[in-house]
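Below: the structure, in structure tokens.
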Amino acid sequence: MKIRVSDIGDDGLHIETRRDPRWLDNIPELWSGNEEMKLVSDIDVDIELTKVLREVSVLGNLSFTIEAPCALCLEPVRLDISPDIRLILSPSDKIDDDEDLDHQTYRGEDADLGDYLRELIAVSLPVKVLCREDCKGLCPECGQNLNRETCECGKKWKDPRLAGLEKFKL
Ligand SMILES: [Zn+2]
Ligand SMILES: [Zn+2]
């Protein structure tokens with residue numbers, strides 16, 4: 001996603017754009033062939049660019065929706081994700097250090113936000129998705145989704161620690 005630094009006026013520049021999911025084909029976690037986690041929406045980009053001398057600040061956010069199986073019951077879960085964009089673009093000959101903001105350099109008049117945005121998406125993906133906080137998961141014996149129905153397995157199964165304790169009944 002390219003921006004022209006000379007297009008940013010004194011009042012800044014507001015960019016709202018929508019990207020096709022194919023834009024992400026080089027994010028291995030999300031490429032369209034991945035069964036585990038997939039993107040199920042376009043990617044909305046909403047940024048405000050302001051320029052001070054030759055330094056450009058890019059603030060805004062991305063938003064998109066992913067679908068992934070619940071880590072416990074494997075039901076598909078949809079999740080809206082909207083990471084903040086906080087980036088400073090500096091001409092390649094000048095870099096300031098500000099630990100709260102990401103930095104990238106540009107040459108000439110063109111800056112490409114593509115790599116930064118793709119990386120932002122990759123790092124904002126959850127490691128684990130749950131359908132709900134108290135998901136009961138699948139029965140390890142029969143595979144029943146315990147959020148929907150109970151099974152008899154739990155009743156037959158005795159906790160070996162409790163079985164040990166039974167010997168010491170008073
Ligand atoms: Zn679940
Ligand atoms: Zn069961």
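Just so you know, ligand 1 is whichever comes first in the structure, and atom 1 is the first atom listed for that ligand. A quick note: this is a predicted structure, and the numbers were derived from the prediction, not measured.
Angle subtended at the Zn ion (ligand 2) by Cys139 SG and Cys142 SG: 110°, rounded to 10 degrees. Rounded to 10°, the angle formed at the Zn ion (ligand 1) by Cys131 SG and Cys73 SG is 110°. Angle SG(Cys151) to the Zn ion (ligand 2) to SG(Cys153), rounded to 10°: 110°.
Leu130 and Ile81 sit in two unconnected hydrophobic clusters of ILVMFWY residues. Membership requires side-chain heavy atoms under 4.5 Å apart, directly or through other members.
Applying the salt bridge (charged side-chain N to carboxylate O under 4.0 Å, His left out) rule to pairs touching residues 122-133 yields Arg132-Asp134, sequence neighbours excluded.
Judged by distance alone, with hydrogens and angles left aside, the side-chain atoms of Glu109 form a donor-acceptor pair with the main-chain N or O of Ser6 at under 3.5 Å.
A salt bridge does not link Glu149 with Lys136: every distance from a Lys NZ or Arg NE/NH1/NH2 to an Asp or Glu carboxylate oxygen is 4.0 Å or more.
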